[in-house]
Structure formats: structure tokens, C-alpha cells
Amino acid sequence: ENQTDKHGRIIYLYTYDTHTQVTYIENLVNMGYNILLLNEQYSAFIVQAYEVEGRDKNIEWRRIDSNTPDKLIEKDVKERKQLADNVKNMVVALFDGAERKFEDLNHEFIVDAMGPDALPVTIVADEWFRRMKEMSMLNNNGMFLGQSASIKFMINSDAKVIKKIIKNAEKSIGVQITEINNKIAELNSKIAEATEDDKKNIQADIDVQLDNKKSIIKSFVNEDHHVNELIDIALLEYGLLTGEDLARFVRRSIKLIEK
């Protein structure tokens, strides 16, 4: 019964590796869920075949890192209080200003209230995309091999450290960002009635303000360190932090410990 969602569907949760997904497993076990271990070479094919060929509409298979724990098996529970949209946008802007580069990684930052016991940042991957990519790699047919990975960073607005980041940002750069946003809003209000030449000049002014905003945010993020640490911890947990990025994380973490 605990594996049944609010629509009456039975959800089978599974993992491919109990070692690299320890945190995901612990969170779900603490919520009372059972998790299947599907670590055979053709497990992805078996799950896909079951859903496509012998699909029971009342049964679904979901890998434990395909969504946040509270979304894997949705229940009829009271909605948690969300941040105001302008605060959510600020949090996303802060994470976008991190030193970590994502040239080879399609990503998105999403702010959601997940409860105080959930991790501050969790990485999730689209279930269908991830499973088809695994199957393509096993088939060695290159179907998805030319595409970069696609992940979502789920930022938990209920986490203590996220609240701390918001408070520090509002105190340090809140006034500057508000002034820039007001200037941008004022410039945008002039565009509708402007001539084509004036529109180009106004847009150029808006771009300058946006660049100033990015620069202020980036400086705050790199001085504060919390955002960079949380992103790297999430990547490390998901097995995506390697090479120079891993070395930078270690150096930064040691400096923080020494403070």
C-alpha cells in the first residue's frame, strides 16, 4: 500500500547500484519504501519491454534518481509553502552564477519546497531519456551517444543552508539587484512606444544592466562558496564530479575547513 500513489498506481522503485546511490536509497527507505536492485546487464531492456509491450496502466517503474523522493510516489499530502517567484528567480540566478562550467552537460536549476529533512540539492535525470540511453549504450548503436547528459538540480527551499544563502544574498546584494531590476523594468516600459533605432539603444542599455547583475551575483557566489559547494556535492553524489572539477572541489573544501 505504501508503494501506491494518489492515483492508485503501484510504483516499483529500483536502483542499478547500491553503492553509488546510497543517499538516494537511505532517503527512500526512511520514507518506508521498498527498492528493487536491477543491476543485470539487460535490466533496462526488461523494464522497457514490460512497460511498452505488457503495460499495466496501474503499474509504473521508476529509478530512484529520476525525481526527488517526495515526487517518486506522489501522495495526497498538504502542499508545502513555496517561495515567492521573485525569490525563486534569485536563487536560480545565484546557482547560475556558480564557478562550475557545464559545457558538456544540459542542466536546469529548479527551486521547490521538499521539506527540512531532504537534501539541499538533489540531481535527478529524466527517466525515459536515461533508460533509453542505457539501452543504446548496451546495444552499441549510438542512438543517444551523441547527446550530452541532461539533468536537473532540484534546490530544496526548506533546507537550512538554502535559507542561509537567501538571507546572505539579500543582505549583501539585495539592494543592488533590486535597483538593477527596477532600471530594467523602466527600460522595458519604454520599448513599446520607441522607434526602431531607440529600441536598439534601449535593448543595449538593458543588456548592460543584465551584465552588471550577472557580475554582482557571480562575485557574491564565489565569495560566499555555499552555492559552489552544494553544486559540487550534488555532482559528486551523482558520480559526475571528476578531473579538475573534483580537484577544485577538494581544494575549496579544505580552505573552508581551515577557516
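Electrostatic pairing of Glu244 and Arg251 counts as a salt bridge here, judged by a charged N lying under 4.0 Å from a carboxylate O. Under a 4.0 Å N-O distance rule, the pair Lys163/Asp158 does not qualify as a salt bridge.
Atom CD1 in Ile64 sits 4.0 Å away from atom CD in Gln21 (nearest 0.5 Å). Leu83 contributes atom CG, which lies 5.0 Å from atom CD1 of Ile166 (distance to the nearest 0.5 angstrom).
Panel note: side chain Asn156, backbone Gly115; a donor-acceptor pair is recorded below 3.5 Å. A donor-acceptor pair is defined here as one N or O able to donate and one able to accept, closer than 3.5 Å; such a pair exists between the side chain of Gln82 and the backbone of Ala113. Between the side chain of Arg62 and the backbone N or O of Leu72 there is at least one donor-acceptor pair closer than 3.5 Å. In terms of modelled atom types and a separation under 3.5 Å, the side chain of Ser172 and the main chain of Ala169 share no donor-acceptor contact. In this structure, Asp245 contributes its side chain and Leu241 its backbone to no donor-acceptor pair below 3.5 Å. A donor-acceptor pair under 3.5 Å is formed between the side chain of Gln3 and the backbone N or O of Ile11.
Looking at heavy atoms from C-beta onward, Lys88 lies out of side-chain contact with Ile155 at the 4.5 angstrom threshold. You'll find the side chain of Phe220 stays beyond 4.5 Å of the side chain of Ile216, heavy atoms only. Annotation: side chain of Ile35 is not in contact with side chain of Thr18 (no heavy-atom distance under 4.5 Å). When side chains are defined from C-beta on, Ile231 counts as touching Phe109, because their heavy atoms get closer than 4.5 Å. You'll find the side chain of Ile165 reaches within 4.5 Å of the side chain of Leu230, heavy atoms only.
Screening Ile217, Asn168, Asp224 for a side-chain contact (heavy atoms from CB on, under 4.5 Å) with Ile173, the sole residue that qualifies is Ile217.
Residues Glu26 and Asn30 have side chains that never bring a donor and an acceptor to within less than 3.5 angstrom of each other.
Hydrophobic clustering (ILVMFWY, side-chain heavy atoms < 4.5 Å, transitive): Met31 and Ile73 are in one cluster.
Between Tyr33 and Lys75, the closest heavy-atom pair is OH-CE, 3.7 Å. Nearest heavy-atom pair, Val221 versus Ala98, reported as atom, atom and distance to 0.1 Å: CG1-CA, 3.8 Å.
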* **From CA spacing to verdict: side chain to side chain donor-acceptor pair (under 3.5 Å), Asp207, Gln203** => CA-CA 6 Å; Asp207 291 341; Gln203 187 58 54; 3.1 Å; yes
* Asked: Hey, mind stepping through Arg248 and Asp232 against salt bridge (Lys or Arg N to Asp or Glu O under 4.0 Å) and telling me if it holds?
  -> CA-CA 9 Å; Arg248 187 186 302 113; Asp232 283 347; 5.9 Å; no
* side chain to side chain donor-acceptor pair (under 3.5 Å) assessment of Thr195 paired with Asp197 -> CA-CA 5 Å; Thr195 64; Asp197 287 339; 5.6 Å; no
* Asked: After noting the C-alpha distance and the side-chain angles of Glu196 and Lys199, does the key distance pass the salt bridge (Lys or Arg N to Asp or Glu O under 4.0 Å) rule?
  -> CA-CA 5 Å; Glu196 288 303 314; Lys199 284 181 180 179; 3.6 Å; yes
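For Lys200, the NZ atom counts as loosely surrounded, since its 6.0 Å shell holds 12 or fewer non-hydrogen atoms of other residues, nucleotides or ligands. Within 6.0 Å of atom NZ in Lys255, 12 or fewer heavy atoms from other residues, nucleotides or ligands are found, so the atom counts as exposed in its surroundings.
Clustering of Ile, Leu, Val, Met, Phe, Trp and Tyr side chains at separations under 4.5 Å places Ile110 together with Met114, Val124, Met154.
For residues 211-221, every residue pair satisfying the side chain to side chain donor-acceptor pair (under 3.5 Å) rule, not counting sequence neighbours, is listed here: Asn181-Lys213.
The aromatic rings of His107 and Phe153 stand perpendicular to each other, their planes meeting at an angle above 60°, with 30° marking the opposite boundary.
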